[in-house]
Number of protein chains: 2
Amino acid sequence: MDQLIPNQTIQDYLKHIYNLTQNGQPANTNTLAERLDLRPGTVSEMINKMAKLEPPLVDHQKYQGVRLTPAGGKMALKVIRRHRLIETFLVKVLGYSWDMVHEEACRMEHIVSDEFEARIASMLGEPSHSPHGEPIPTSALAMPPFYEHTLASLTTGQYATILQVPDSDPGLLRYLSSIGFTPGSKVTVLNHSPFDGNLMVTVNDGNASHVVGLPITSKIYVKKMDS
Amino acid sequence: MDQLIPNQTIQDYLKHIYNLTQNGQPANTNTLAERLDLRPGTVSEMINKMAKLEPPLVDHQKYQGVRLTPAGGKMALKVIRRHRLIETFLVKVLGYSWDMVHEEACRMEHIVSDEFEARIASMLGEPSHSPHGEPIPTSALAMPPFYEHTLASLTTGQYATILQVPDSDPGLLRYLSSIGFTPGSKVTVLNHSPFDGNLMVTVNDGNASHVVGLPITSKIYVKKMDS
DNA sequence: AATAATATTTAGGTTATCCTAAATTAATTA
DNA sequence: TAATTAATTTAGGATAACCTAAATATTATT
Ligand SMILES: [Mn+2]
Ligand SMILES: [Mn+2]
Ligand SMILES: [Mn+2]
Ligand SMILES: [Mn+2]
């Protein structure tokens with residue numbers, strides 16, 4: 001399987017296309033360019049190349065966006081598995097804080113061997129989720145279904161358990177852990193502001209309350225524990 | 001320090017120049033090309049570029065071989081430290097066998113952060129030697145002196161402790177461990193053949209004896225325990 | 001439907017790192 | 001010392017992955 005995965009550049013394209021197509025829509029050039037921090041022309045060119053590889057990694061018809069082929073999907077999941085396993089490893093074994101692992105994992109994911117992947121997975125007990133609560137594809141590359149509800153969908157009086165937070169902004173991650181927003185925490189909505197979407201919440205029934213805005217709450221996935 | 005180290009290509013040049021200049025002689029283009037698995041023209045070009053970087057990483061006058069500058073030497077030691085720390089980590093923490101670690105370390109050494117380096121060093125107790133017995137530069141990049149004596153320099157009746165074996169040939173490493181030639185083992189020379197240099201030895205005063213040729217014995221460093 | 005705005009692609013160019021083959025310099029041998 | 005051989009450098013070219021800017025297609029607005 002190792003030798004089937006192309007180089008680092010294409011691996012990062014695959015990951016981002018995977019994420020952008022989770023909603024059922026094809027990924028478009030501009031969004032991809034922004035996520036990859038590249039110019040649209042560069043992305044257009046590379047998409048074309050990926051569609052012409054044997055086997056093709058993406059389906060693409062001009063001006064209509066891009067989707068992963070089965071081969072591309074498998075490779076994307078392989079890279080995502082490595083990324084999240086490495087993040088878990090860095091936190092659990094090396095004692096990194098959760099805001100420091102994404103970048104390191106994003107470099108390591110492209111160069112470690114199957115051997116490395118298998119050994120850390122086994123040492124960690126084949127974990128199912130990264131430190132940020134993102135699901136880890138199994139070694140057979142099966143991916144659990146995506147979470148449905150975000151914190152933003154809760155209203156006054158509801159409570160929920162945090163499942164997943166966004167992984168790539170270190171500053172946000174430090175803030176989230178400072179207010180106790182980590183996977184497994186129970187949050188209770190004291191107040192939901194109707195116009196700006198702000199949520200006033202307590203964490204684990206503590207005394208302190210926090211007001212958190214839509215840019216954050218809309219990216220945190222939860223399990224609703226409706227009363 | 002992180003940002004001072006140039007890219008992977010140059011890092012591997014630095015490592016190999018470091019090793020080739022340990023004998024006091026400058027490294028020549030052809031040898032370097034062979035070690036790096038590149039054509040001499042490619043190496044000539046890159047040497048030139050490295051000599052023109054600011055600060056220059058190598059000293060080079062045409063047709064006279066190449067040496068590291070102080071800046072180049074520091075960077076070489078940084079990469080070597082990472083390589084050997086990673087090898088140690090893979091064996092001690094992840095349970096790799098010693099023949100599987102060199103290649104993995106050769107990829108990882110270029111992309112891990114100072115944070116990663118510091119954490120594995122600390123977890124391992126700031127180890128002084130890799131699994132193959134190669135010295136690990138300190139975090140201040142101090143390198144212990146090279147070993148003096150090879151197994152090939154022993155004669156009949158002498159014995160010694162193995163300090164270091166060559167690290168990059170997996171087949172050789174598997175053979176060496178199969179006959180007990182690992183750092184710390186005590187070898188006793190039963191017989192030294194004068195013309196071919198073959199050595200008949202026992203390991204740790206065991207019953208079995210092994211005949212080992214010059215291509216191997218000349219690359220194994222030992223501490224002589226002269227009787 | 002025509003126009004304007006936006007998204008995408010294409011064209012042409014740059015840099016890094018490799019190559020082969022020719023030219024040059026250095027070292028060895030006669 | 002001259003000729004030969006070996007080592008090194010230089011010249012010219014390829015490919016991957018980026019860029020900017022122009023051209024084109026699609027989508028939204030009047
Ligand atoms: Mn991540
Ligand atoms: Mn990455
Ligand atoms: Mn090694
Ligand atoms: Mn390397």
Those residues that, when tested against A:Ser168, pass side-chain hydrogen bond (donor to acceptor under 3.5 Å, both in side chains) (two or more places apart): none
Results of side-chain hydrogen bond (donor to acceptor under 3.5 Å, both in side chains) for A:His149 - residues two or more places apart only: none
For residues 24-49 of chain B, which side-chain N or O atoms pair as donor and acceptor with protein atoms under 3.5 Å away, sequence neighbours left out?
{"residue": "B:Asn28", "atom": "ND2", "partner": "B:Thr31", "partner atom": "OG1", "Å": "2.3"}
{"residue": "B:Asn48", "atom": "OD1", "partner": "B:Lys52", "partner atom": "NZ", "Å": "2.8"}

By side-chain hydrogen bond (donor to acceptor under 3.5 Å, both in side chains) - contacts of A:Tyr96 (at least two apart): A:Glu104
Nucleic acid contacts of residues 15-34 of chain B, taken as heavy-atom distances under 4.0 Å to DNA chain C: none
Whether B:Phe89 and B:Phe116 hold their rings parallel, tilted or perpendicular, with breakpoints at 30° and 60°: perpendicular
Distance below 4.0 Å between A:His60 side-chain N/O and C:dT8 OP1 or OP2: no
Side chain B:Arg84, main chain B:Glu134, donor-acceptor under 3.5 Å: no
Minimum side-chain heavy-atom gap A:Leu90-A:Met100 below 4.5 Å: no
Relative orientation of the end axes in the helix from C:dA1-D:dT30 to C:dA30-D:dT1, expressed as an angle to the nearest 10° (five pairs per end): 10°
Most 5' of A:Asp37 and A:Gln64 on DNA chain D, judged by nearest nucleotide: A:Asp37
Salt bridge (Lys or Arg N to Asp or Glu O under 4.0 Å) against A:Glu87, all qualifying residues, sequence neighbours excluded: none
Partner residues of B:Asp12 under the salt bridge (Lys or Arg N to Asp or Glu O under 4.0 Å) criterion, sequence neighbours left out: B:Lys15
Residue met sooner reading DNA chain D from 5', once B:Gly41 and A:Thr9 are mapped to nucleotides: B:Gly41
Pull out every protein N or O sitting under 3.5 Å from an N or O of nucleotides 13-15 of chain C, one pair per line with the distance.
none

Salt bridge (Lys or Arg N to Asp or Glu O under 4.0 Å) partners for B:Glu148, two or more places apart: none
Length of the line joining A:Tyr63:OH and C:dT6:P, which is rounded to integer Å: 17 Å
OP1 or OP2 of C:dT8 under 4.0 Å from side-chain N/O of A:Ser44: no
Integer-rounded Å distance: C:dA16 C1' and B:Asn48 CG: 15 Å
Trace of the salt bridge (Lys or Arg N to Asp or Glu O under 4.0 Å) decision for B:Glu109 with B:Arg81: CA-CA 9 Å; B:Glu109 66 194 0; B:Arg81 172 171 162 83; over 6 Å; no
Results of side-chain hydrogen bond (donor to acceptor under 3.5 Å, both in side chains) for B:Thr155 - residues two or more places apart only: B:Gln158
Positional range of nucleotides in DNA chain D within the contact set of chain B, heavy-atom, under 4.0 Å: D:dA7 to D:dT10
A:Leu199 side chain reached by A:Leu151 side chain, heavy atoms, under 4.5 Å: yes
